[in-house]
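A single structure is presented below for examination.
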Protein chains: 2
Amino acid sequence: MDPVSVIRKKRDGEVLSRKEINFFIDGIGNGTLPDYQAAAFLMATYIRGMNADETRWLTEAMLNSGEVVDLSGVKGFTCDKHSTGGVGDKITMIIAPMAAALGLKVPMYSGKGLGHTGGTIDKLDAITGFRTTLDTDAFVRSLNDIGIANSMQTETIAPADKRLYALRDVTATVDSIPLITGSIMSKKLACGADGLVLDVKFGNGAFMKTEKEARELASWLISMAPIRNIRVSALIDNMDDPLGYMVGNALEMMEVIEVLKGKPVIDLVEISIAIVGEMLQLSGETGDVEKMAKEVLANGRALAKFREWVAYNEGDATIIDDFSRFPQATSRMEIALGQAGYVSKIHAKIIGEAAVYSGAGRLAKEDTLDYGAGIELHVRRGDWIEVGDSVATLYYSKSRRNPDEIAQLIRGAFQLSEKSVPPLKRIVSTIRQ
Amino acid sequence: MDPVSVIRKKRDGEVLSRKEINFFIDGIGNGTLPDYQAAAFLMATYIRGMNADETRWLTEAMLNSGEVVDLSGVKGFTCDKHSTGGVGDKITMIIAPMAAALGLKVPMYSGKGLGHTGGTIDKLDAITGFRTTLDTDAFVRSLNDIGIANSMQTETIAPADKRLYALRDVTATVDSIPLITGSIMSKKLACGADGLVLDVKFGNGAFMKTEKEARELASWLISMAPIRNIRVSALIDNMDDPLGYMVGNALEMMEVIEVLKGKPVIDLVEISIAIVGEMLQLSGETGDVEKMAKEVLANGRALAKFREWVAYNEGDATIIDDFSRFPQATSRMEIALGQAGYVSKIHAKIIGEAAVYSGAGRLAKEDTLDYGAGIELHVRRGDWIEVGDSVATLYYSKSRRNPDEIAQLIRGAFQLSEKSVPPLKRIVSTIRQ
């Protein structure tokens, strides 16, 4: 077998065998195949697609290119959560303490952010001292001790995905169902959890632009579950507008804490309850899971678990009661629009990009972050605004672009309507195995 | 403009603009774009194709990525010849002295061979001392002095093609009409001749498998002529069986000399006369061009020109009358078949591969050649053979594979028939501008 014959076969729209996919992905994972052959394979796969068998073999091969985390030492049901990426998406930090307070074990291997969607690790890094790297022993111990463990995804997990993922962005092969499926599920299956709730987003701030595409992707992702016999559910939700009001690392952590303290940021609360409910269901819970999720948020046990989580990881837990201890931007700018109306849309991708320019995100891998930078929205879809009302605050210190330009970008994200507009419906459906 | 957006557009089957193609090919030529983006572009182009405009812009951009040779100092009509590559194809060395003896100027920039089709430079290198690199001044001088100039193609000609060509083989993007057209015509147009005769081959030993594909490629190649306002014709000919009897560098040069001395190797003579006739027509000759071509071969003037050519380039011209002065293989093996019959096919690609294994060709760029190695066929399609007749001689010194294996490969190239078989019809048509 040789790599050119595998590329040729996919180029011609033929179905690859398990052996061929294994051979090619092995070569990607162990570094014997060059980037240009990987790129040709990615493009051929993007255009010609893969059937269910091929996608499963691809996912398996990528999974097997690295280590599979052994969580057999964890007592209880381990349930992971994965979001396909959104703007202002801080749901992980809300659901982890909620689920752990309800007795689930929540293992989280996360990455840093690149581009308009932020990374979980970056958000946790906004808490001074918070430890974001654990070896497997410490990871298992953390799960047994507090019900949560979080760590940077290690180099040993799905190295084939690591190489392909880095190439997809620069070869225009990102939004391909088999490639996305292989990438997400190889990593998630390698993390060794018993269950997984997927948060599959669609809209302008997400990879998938339409609900139909998101549902299709969700079905593909779920169909990989048998590879390691895990239980998987997926929420399909709308990412046209940013999630919550805060975009930026410290800002988002403050909003997480406010929600855990009881602030009714409706979309964050709604999605968090739905996800924790799904996690409970996957664990075999037969009671009223939604009620359980609501209660743990209302009765402060989720907040207490969050405090425990921060302290366990040597983070500065006093930050929870004193937001002034978070990294702060040195400058702020209030942003108003030149007209009045109902907010009919806040373009998530533009807000995400503006946040990157403020210093909250990375344009290139090697960029350093300003944890205090970001955007606070003061309104959401459906709200009425007058001319001159501040619709957002831009926080920045040394921004990546001129602040006036960023402000202009933010203004352009707002669409107004003369007629009243209903709030954005976030969760449109749930897909189960 | 950015490379990813160009790749994306072609990926989605859209038509690229001249500006986009220029931008991308410039980046390939000057080395700012990485191989993996070139590979993704090649695969997208392979699968989605290019229309006539795009192919013209691609060819232009590749041409403009490097130097265009200035032949304005040459007196007379300069006419180039290009073969899409065959097994035993030594036509260039026959037609160059024929055409030059008839007053045409024959500029030849050639390459080394890789794989089953040999390179012109390798064949000339089989003549001791023969100089195969000339700078532009010496090239022009050679054309004015003897009517022929030959040189290794320089690094400065179409560097964008150089990079893409090297990648196509290893990314399964070789047999694409727009990519082949861009590659061949960018180089040929850069060589600055007034006319060009293309020898477009089809069959098992060629890139194009069918006559229809060869005709299509020829039409595309010819349609690039207006880019530099040159005159182009194409012969379409069959490459199912090797050309002539000899395959291997010194062996082929011996056969060239024998044909120039009057040996009636029918397919070599037929194609050479047709090509020289086309060259004369392109130059504006209105007489009986076929007759002129036949005469120059019959009256010894082509042989005299060949002698002049070798001497001018400091090659050992005594070789012409004493073949023992050619590099010789140390061993030879006669190959017979286990049955009798009419030869109905001699699979050209297999013979070409066997010649590579004998040491006559390269498996990898860095391989060194054994100029004396190769295969001499003793029969051709239509001939009757008895059991035990030697159908071929394998010449080798240190072969790349076990000689018995190579012999077995050669045996497998022969197909026999109980019924009589007509000789292979080589030239099937001529396509003119």
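As the structure is a prediction and not an experimental result, all values here were calculated from the model. We name chains A, B, ... by the order of the sequence lines, and we start the count at 1 in each one.
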Flag yes if more than 12 heavy atoms outside Lys209(B) fall under 6.0 Å of its NZ atom; otherwise flag no.
->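 Enclosed: over 12 neighbouring heavy atoms sit under 6.0 Å from NZ of Lys209(B).
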Bottom line for Leu42(B): the part with an atom under 4.5 Å from chain A's heavy atoms is neither
Does a sphere of radius 6.0 Å around OH in Tyr357(A) hold more than 12 heavy atoms from other residues, nucleotides or ligands, not counting ones at 6.0 Å or beyond?
->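 Yes.
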Distance (rounded to the nearest 0.5 Å) between Ile7(A) CD1 and Thr171(B) OG1 =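 Between Ile7(A) CD1 and Thr171(B) OG1, I get 6.5 Å after rounding to 0.5 Å.
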For the residue pair Ala39(B) and Ala39(A), what are the closest heavy atoms and their distance?
-> CB-CB, 4.0 Å
Step through the shown structure and confirm whether more than 12 heavy atoms of other residues, nucleotides or ligands are within 6.0 Å of CZ on Arg215(B).
-> no
Take atom NZ of Lys162(A) as the centre, draw a 6.0 Å sphere, and report whether it contains more than 12 heavy atoms from other residues, nucleotides or ligands.
->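 No, because the 6.0 Å sphere around NZ of Lys162(A) holds 12 heavy atoms or fewer from other groups.
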In terms of heavy-atom pairs under 4.5 Å with chain B, which of Ala38(A), Pro34(A), Ala44(A) leads?
-> Ala44(A)
Which one of Val4(A), Ile47(A), Asp35(A) has the most heavy-atom pairs closer than 4.5 Å to chain B?
->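 If we count pairs closer than 4.5 Å to chain B, Ile47(A) comes out on top.
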Can you measure from CG (Asp12(B)) to OH (Tyr46(A)) and round to the nearest 0.5 angstrom?
->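 Between Asp12(B) CG and Tyr46(A) OH, I get 5.5 Å after rounding to 0.5 Å.
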Whether over 12 other heavy atoms sit under 6.0 Å from Phe207(B) CZ |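 12 or below, so no.
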Mark yes or no for whether Arg11(B), through its side chain, and Met43(A), through its backbone, hold a donor-acceptor pair below 3.5 Å.
-> no
Taking everything shown except Lys212(B) itself, do over 12 heavy atoms lie less than 6.0 Å from its NZ?
->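 Atom NZ in Lys212(B) is not crowded, with 12 or fewer foreign heavy atoms closer than 6.0 Å.
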